[in-house]
There are 2 protein chains.
Amino acid sequence: MDDLPDLVRPFAFLLGTWRGEGVGGYPTLEADFRYGEEITFACYGKPVIAFTSESWAVDDERPLARQSGFWRPTSATDLEVVLSVAAGLVEVFYGRLVSGPAGDHVELESDLIGHTATAKRVEADKRLYAVRGGKLMYAMEMAAVGQPMRPHLSAALDRVS
Amino acid sequence: MDDLPDLVRPFAFLLGTWRGEGVGGYPTLEADFRYGEEITFACYGKPVIAFTSESWAVDDERPLARQSGFWRPTSATDLEVVLSVAAGLVEVFYGRLVSGPAGDHVELESDLIGHTATAKRVEADKRLYAVRGGKLMYAMEMAAVGQPMRPHLSAALDRVS
């Protein structure tokens, strides 16, 4: 903790590697689905947190989604995030650290989403990350493929390192 | 190689982890600078290549730049790339595999660049990646902070795995 850049400290509760299961769904999908996921938040010495996520199918462990990017705190409560998504998206988010009676959480909201020619359209992406009871919890909702903002993914992951 | 998705095979010469030194410069910088860098291109089972780069100062090994993203081949010669840069950028590139008498190389050109509020402006980013004499060579030029397209970074990295 003492070695962390000052800007990273308020977000230090997220640092580590987290692994577990999540549930996904969307109005355009016939049924909800379960997935395995590993997320890492790591500080490498600059006032930036490197973020990676990979997910897999719970039945046969085939690879599903990957994302990676960088969280850039700009104050004790504010941050910018740049993210690339293997499905062909890039995203810029702004967010903030919110303190509540149950602990801190981070809220992110997309400001810009860019697509490759072959990617499905995502118009907006909102996320909440928290640690509760020792688990990394997150929820992600999106407006995509013509749908209004709706829940898409949520997971509770155990710390593995 | 047999396990690689068909779309990834033409780009398989890039796969692996590469480490070495590069040289950077730009019209707005007083002097050129040397940097250490490690780049990984990895296929994780989908027809996508995960890309990561981290660099450090050669004098004291302090961390410099980080980037990560995904190369998405769309044919035997064409690809899309999504990239996030720790300095606060996201980029979408289109590119192609070019075969010449000295071997293959990949050319990428930015189509979209998004910035966080605090990032320096980069207007365009062109890259060439090749493997020559067992080394990963790349050159990157950019139009940024009001300058026209000019060389910025180049490196020759040895395969470490």
Does atom CZ of R34(B) have more than 12 heavy-atom neighbours from other groups under 6.0 Å away? no

If I measure from the heavy atoms of chain B, does Q67(A) come under 4.5 Å with its side chain, its backbone, both, or neither? backbone

Does one hydrophobic cluster hold both F70(B) and F13(B), with members joined at side-chain heavy-atom distances below 4.5 Å? no

Answer yes or no: are there more than 12 heavy-atom neighbours, outside R159(A) itself, under 6.0 Å from its atom CZ? yes

Highest number of heavy-atom pairs under 4.5 Å with chain A among A50(B), G88(B), G114(B) belongs to G88(B)

side-chain contact (heavy atoms from CB on, under 4.5 Å) test vs V90(A) passes for just one of L89(B), L83(B), V90(B), namely V90(B)

For S68(A) versus S68(B), what's the shortest heavy-atom pair and its separation? OG-OG, 2.9 Å

When clusters are formed by joining ILVMFWY residues with side-chain heavy atoms under 4.5 Å apart, either directly or through shared neighbours, do L157(A) and L128(A) land in the same one? no

What one should report as the nearest heavy-atom pair of P63(A) and Y44(B) is CG-O, 3.3 Å

Where on E91(B) is there a heavy atom nearer than 4.5 Å to chain A: the side chain, the backbone, both, or neither? backbone

Name the region of Y94(A), side chain, backbone, both or neither, that has any atom closer than 4.5 Å to a heavy atom of chain B. side chain

Quick one: do V82(B) and V106(B) end up in the same hydrophobic cluster if we chain Ile, Leu, Val, Met, Phe, Trp and Tyr together by side-chain heavy atoms under 4.5 Å apart? no

Compare every heavy atom of H115(B) with every heavy atom of V92(A), then report the nearest pair and how far apart it is. CG1-O, 4.2 Å

Identify the two heavy atoms, one from G69(B) and one from S84(A), that lie closest to each other, and give their separation to 0.1 Å. CA-OG, 3.4 Å

Is it true that a side-chain atom of E80(B) and a backbone atom of T118(A) form a donor plus acceptor pair closer than 3.5 Å? yes

Membership question, hydrophobic clusters at under 4.5 Å side-chain separation (ILVMFWY): are L29(A) and V23(A) in the same one? no

For chain B, the option from V85(A), L112(A), V81(A), T74(A) that forms the most heavy-atom pairs under 4.5 Å: V85(A)

Side chains of V48(A) and R66(B) in contact at under 4.5 Å (non-hydrogen atoms): no

Using a 4.5 angstrom heavy-atom cutoff, name the option from R62(A), E54(A), K46(A) with the most pairs to chain B. K46(A)

Tell me, out of A117(B), G45(B), A86(B), A87(B), who's got the most heavy-atom pairs with chain A below 4.5 Å. A86(B)

hydrophobic_cluster_shared for L7(B) and L15(B), side chain cutoff 4.5 Å: no

